[in-house]
Amino acid sequence: MYDFAASVFPLNRSLTGEGNRETLRRINAEIAESGRQFTVHEIPSGTKVFDWTVPKEWELREAYIENAAGERILDMRDNNLHVLGYSVAVDRVVPLAELKQYIYTQEDNPEVIPYVTSYYKERCGFCMAKRQLDALPDGDYHMYIDADFKDGSLTMGELLIPATEAADAGEIVFSSYICHPSMANNECSGPALMTALVRHVAALPDRRYAYRFLLYPETIGAITYLSTHLEHLQKRMKAGFVLSCVGDTRAYSCTQSKYADTLSDRVLSGVLRTRENVKTYRFLEDGGGSDERQYNAANVNLPMVCFCRSRYGNFPEYHTSADNMDFVSPEGFQGSFEVMCEVIEALEYNRHYRMTVAGEPQLGKRGLYPTVSKKGSYDALQPMRLLIAYADGRNDLLWISERAETPVKELVPVIESLKQHGLLEVVS
Amino acid sequence: MYDFAASVFPLNRSLTGEGNRETLRRINAEIAESGRQFTVHEIPSGTKVFDWTVPKEWELREAYIENAAGERILDMRDNNLHVLGYSVAVDRVVPLAELKQYIYTQEDNPEVIPYVTSYYKERCGFCMAKRQLDALPDGDYHMYIDADFKDGSLTMGELLIPATEAADAGEIVFSSYICHPSMANNECSGPALMTALVRHVAALPDRRYAYRFLLYPETIGAITYLSTHLEHLQKRMKAGFVLSCVGDTRAYSCTQSKYADTLSDRVLSGVLRTRENVKTYRFLEDGGGSDERQYNAANVNLPMVCFCRSRYGNFPEYHTSADNMDFVSPEGFQGSFEVMCEVIEALEYNRHYRMTVAGEPQLGKRGLYPTVSKKGSYDALQPMRLLIAYADGRNDLLWISERAETPVKELVPVIESLKQHGLLEVVS
Amino acid sequence: MYDFAASVFPLNRSLTGEGNRETLRRINAEIAESGRQFTVHEIPSGTKVFDWTVPKEWELREAYIENAAGERILDMRDNNLHVLGYSVAVDRVVPLAELKQYIYTQEDNPEVIPYVTSYYKERCGFCMAKRQLDALPDGDYHMYIDADFKDGSLTMGELLIPATEAADAGEIVFSSYICHPSMANNECSGPALMTALVRHVAALPDRRYAYRFLLYPETIGAITYLSTHLEHLQKRMKAGFVLSCVGDTRAYSCTQSKYADTLSDRVLSGVLRTRENVKTYRFLEDGGGSDERQYNAANVNLPMVCFCRSRYGNFPEYHTSADNMDFVSPEGFQGSFEVMCEVIEALEYNRHYRMTVAGEPQLGKRGLYPTVSKKGSYDALQPMRLLIAYADGRNDLLWISERAETPVKELVPVIESLKQHGLLEVVS
């Protein structure tokens, strides 16, 4: 995952354009072995999507600033954060004072280049480390951006892995975005994790659920997708997870759905319960939200939460050039992958179970019970005991897991053992 | 409000009598400009009201104690708290030891005259500062009270300001009492606030609710009113507020309804949430309650809470001569008035709202969104974002206000703006 | 209770056998005056009970260990904990090293004999204080146990005291066990408390409920009983209490039912609310549970909680020879008895009440109210006021007791007084 993220890091993604298409091509290459491929949809500029309109496609070819001596003091080839996202073209020589009106810096950190965009109003501009800007001598500077906007399209990737049984239990949605240029955690990590999840899900021998993987630009992409799939998802989607900022190691974060009461909330909070440094954010808390906002919006109302390590907006490297490949790590990715694998296992096992016998079964005659009764003999039996007591058809497994203070992954072997002895059945 | 309270402070109110009638006359004079007037009802002594009977009318003409030298050591003209409420007449010369049996003092403060009554058992008595009593020399004293009880009536004031639309949303009730003699916070402040609220409500251009203002003696007055209006109120009353002790500045207090689950509880707690020094009392907590007790009684069950600054029974000046015009202040009244105006606004705006579009609306094209996206751009948008997300027809505005941690008064401009752009509608 | 517990302490109880029968005979003798007797049921070995089988009857005649000099270093006549429960016979001379394989000691306390059983796997063994074992010199030892297993029966005692009215409100179940040899708190205290409760219940002039008292060996006895009474209990049982470890004075403990939401939970927690050193355990928390486990098992689902002083598994003397008659005390028993009497009173009084008048009744004219109104006059009225307000037919008395922060036993005189004045009625 780390290596794949590094490989797509340099691409210049935005709401639209070639950077996005290239990212999707590399993702499909990465998952080729699984036999699954993202279908790529191109939605033409100008298409009405709910209350919005698909924007024109931005084509950025070159961008730099030169000083009076013709030296390039800034070049998008060094870092594509240097260009204001969706900047219009410019080709002017201006004195330093005027230049500064077009430069964005990070107020709270003079060393980093900030990530700034102006999607819906025409502007030109550059982003630069404050320290560099402050050091610029007076004089004339040549601002040059060669870019234009054309009727093109917005690019989305979609991959559905169906359930292994015809009468499935609905769909689980994973969504991430492809719209930020060179940032590691807040962009590349999500698609990278998704490639690993596609391989994992494709390899599962049994799937009660179908799994839908989605990649598009944040906000406008989600709105575009929802505008054509709303009815389908309202009928079929049972849980969903936006994957964003999943490559660092500082925390595990869950941003809840609008009412914090969906299957998505329950399963993710259950899996995170046993981990350390877990932060739970209420919907829209402290910084606006990622695409879970679109899924939870009024008249959409889909059960989407957002999974992060350090959450968007809540780490200092966020939306700056410091969110680079040094900030993320293989360990960070692996932790996220394990969380999502547990989420999938918990979803698949989350049934209403019922014991087939009245009262407690005699575990001893089945070799499931210590034969000598003395103090402490039974501590290891607690998960089984709790499962036996609460497998009364009234609760699902996530409820029992929470009540038993035992993660689902530790209940799974107990379920399998009880099933094998004919003691447990699924309530349909 | 402060001046009006001061003007009715000297009147000798009780369960019945001229003091109450004069208080109502002055209230009507105070609100004359509004074009609204309280209707005065006289309920004859002996009328059965639920389990109670309207008492005889108490007429107190003169009361004093003279020492052997003929000097008045106590006179009701100095302070009408000096007479035990509903005291019978007396005209006797007694030695000091016997006099003391008829004197009530405040155990925990030797400087103040306590307020004591004996409504339902015939007694005569005086109230005095303990320091004065302790200083009295031995000798004979002349106790004189000229009072009698006659078949008269209990006096109530009632004023209904109807909604501005024919199919209204029910009634909001404000109630206060006129039965305590010269006490400022625990009497005069309530009617004074009510005069300001009558003027405020009368001037509102739109009212979904009708507003009913009630003034009567505490307990027996509320019972008398309820005994003839119970069916009407059970059908029409949506929320209600007893106004008592609303003139000081030490705290804001809410005494909840019986189950703390009514619209009255929700709106008052919502408005108080952003204030400091707020105390919430459970129904009947710590001292018996005011008229919210009668509205919440079994087989009545009306949604009444009580609003105070320092709550009755919970400030040291309560029911003593220290509850005077120095204890209350214009600032205290103003704070209460603002709370009640916010309560009225919140009630009027408390609808179920729904967005007219699916998904988030594009705020940018309507000038409601920052055009440059960088860290911190969106903080000011949080109230709008939360409203947009939760305006899904499922919750009323009070719920959204609590969830958004934003008072209704700050959501009102957002609602008006979204309505103006055709993005928000009321769910009927 | 203490003396009775002491009298049955020496009997050698187990899952089955003469010790159990003799215990029941002595219990019946103890309650003879009440005119009630436990019916004794004998369930044959081999009977299928739910998923279990009634075991063979264990007959233990003699057990000792002698050293090479023929001195008895251990004898069951000294303490019947010395024999592994359900041990098979043995008659061998072995060296010390081999002897040790058959000896169980208490790891965390070298002074006490542990209580150990091997009900469902054939083993022979002895239990001994670790200090004694460590001091044994090398040499040969003669292990001797004269015991066998025969087709016998499992013994249960059952006593039903019917309600005093034909259309009763269902049944209250008390259960304890007879299966531990000489242990005081974790065995004898339960049956001893039960004898007192039988006498108490039999003497009640009015009983809305029938009371069912059950004595049987733990686990297998409860399963055996439930296997033949499940349908009856599911229809009739309204609350139930396992009585175990009720003779010490260190704490009061409640082990909740599976969902902590039954009448049993509510009434016991209500009674314990006013006591000190109360510990509440969730169902199956911290050590497996007593017979409440069987009543709460899946497909049984009966409302059983467990009442203890120091709870089984949570005191150091548990399941050792230190759980003797010095550990329990008359004060400990008396405290438990008072709790259970309050539980019974609360159950009998736990109705939905409603005031017969609208609004608050005029308490003064009935002598129920202070005639002088001054600060503090009304504090003693709070329980009556709260009862009057909440006796609106919506809540039962346990709810009101919790809301009023007043134990049921203090509300009972208020209820009786209001009933006497015709102010309160039961809602059917």
Side-chain angles (χ1 to χ4, degrees), chain A residues 48-53 55 84-86 104-109 114-123 125 127 218-220 222-227 230-231 234 257-260 282-289 291-302 312-313 316 318-320, chain B residues 351-397 399-406 410-411 414-415 417-427:
Chain A
K48 294 279 171 199
V49 287
F50 287 154
D51 189 52
W52 299 61
T53 306
L84 176 73
Y86 262 59
Y104 297 87
T105 61
Q106 183 78 1
E107 290 309 303
D108 56 11
N109 185 347
Y115 168 55
V116 186
T117 65
S118 178
Y119 290 144
Y120 297 102
K121 171 156 184 178
E122 286 195 11
R123 277 196 182 85
C127 301
E218 207 176 2
T219 306
I220 184 67
I223 288 166
T224 300
Y225 189 81
L226 287 169
S227 75
L230 183 57
E231 204 177 340
Q234 286 181 335
S257 73
K258 187 161 53 165
Y259 295 108
R282 301 183 76 188
F283 181 67
L284 286 179
E285 180 182 342
D286 191 12
D291 280 341
E292 72 280 6
R293 244 170 64 202
Q294 309 311 325
Y295 284 80
N296 284 280
N299 302 320
V300 175
N301 301 323
L302 290 167
Y312 54 76
Y318 176 72
H319 273 197
T320 75
Chain B
R351 315 295 294 268
H352 284 70
Y353 295 95
R354 187 163 49 207
M355 296 298 289
T356 58
V357 295
E360 293 192 339
Q362 190 180 358
L363 298 174
K365 69 184 182 190
R366 298 178 177 91
L368 301 172
Y369 205 75
T371 54
V372 176
S373 164
K374 50 183 297 192
K375 271 193 186 178
S377 304
Y378 307 114
D379 296 352
L381 280 176
Q382 276 299 85
M384 184 174 283
R385 275 195 171 148
L386 284 153
L387 189 69
I388 286 172
Y390 290 101
D392 56 10
R394 183 168 153 181
N395 314 287
D396 64 15
L397 187 64
W399 189 96
I400 294 175
S401 164
E402 181 170 2
R403 171 64 183 83
E405 296 174 3
T406 306
E410 292 177 26
L411 293 175
V414 180
I415 289 170
S417 169
L418 290 174
K419 272 180 169 173
Q420 215 173 338
H421 287 94
L423 290 171
L424 194 71
E425 65 188 6
V426 168
V427 181

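In what follows, chains are A, B, ... by sequence order, proteins preceding strands, each numbered from 1.
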Q: Please step through side-chain contact (heavy atoms from CB on, under 4.5 Å) for the pair B:Ile400 and B:Thr406, ending with a clear verdict.
A: CA-CA 8 Å; B:Ile400 294 175; B:Thr406 306; over 6 Å; no

Q: Between A:Thr219 and chain B, with a heavy-atom cut-off of 4.5 Å, which part of the residue counts as in contact: side chain, backbone, both or neither?
A: neither

Q: Name all residues meeting the side-chain contact (heavy atoms from CB on, under 4.5 Å) criterion together with B:Asp392; count only those two or more places apart in sequence or in a different chain, and write none if there are none.
A: A:Lys258, A:Tyr259, A:Ala298, A:Asn301, B:Arg394, B:Asn395

Q: Under a 4.5 Å heavy-atom cut-off, does chain B meet the side chain of A:Phe283, its backbone, both or neither?
A: both

Q: Please find the pair of heavy atoms, one from B:His352 and one from B:Gly393, that lie closest to each other, and give the distance.
A: CD2-O, 3.5 Å

Q: Identify the heavy atoms of B:Leu381 and B:Leu368 that sit nearest to each other, and give their distance.
A: CD2-O, 3.3 Å

Q: Against chain A, label B:Leu386 side chain, backbone, both or neither, depending on which of its atoms sit under 4.5 Å from a heavy atom there.
A: both

Q: So which part of B:Arg354 gets closer than 4.5 Å to some heavy atom of chain A, the side chain, the backbone, both or neither?
A: side chain

Q: Which atoms of B:Ala391 are under 4.5 Å from chain A, going by heavy atoms: the side chain, the backbone, both sets, or neither?
A: backbone

Q: Only counting residues at least two apart or in another chain, list the ones meeting salt bridge (charged side-chain N to carboxylate O under 4.0 Å, His left out) with B:Arg366.
A: A:Asp51

Q: Examine whether an atom of A:Leu284 lies under 4.5 Å from a heavy atom of chain B, and if so say whether it belongs to the side chain, the backbone or both; otherwise answer neither.
A: both

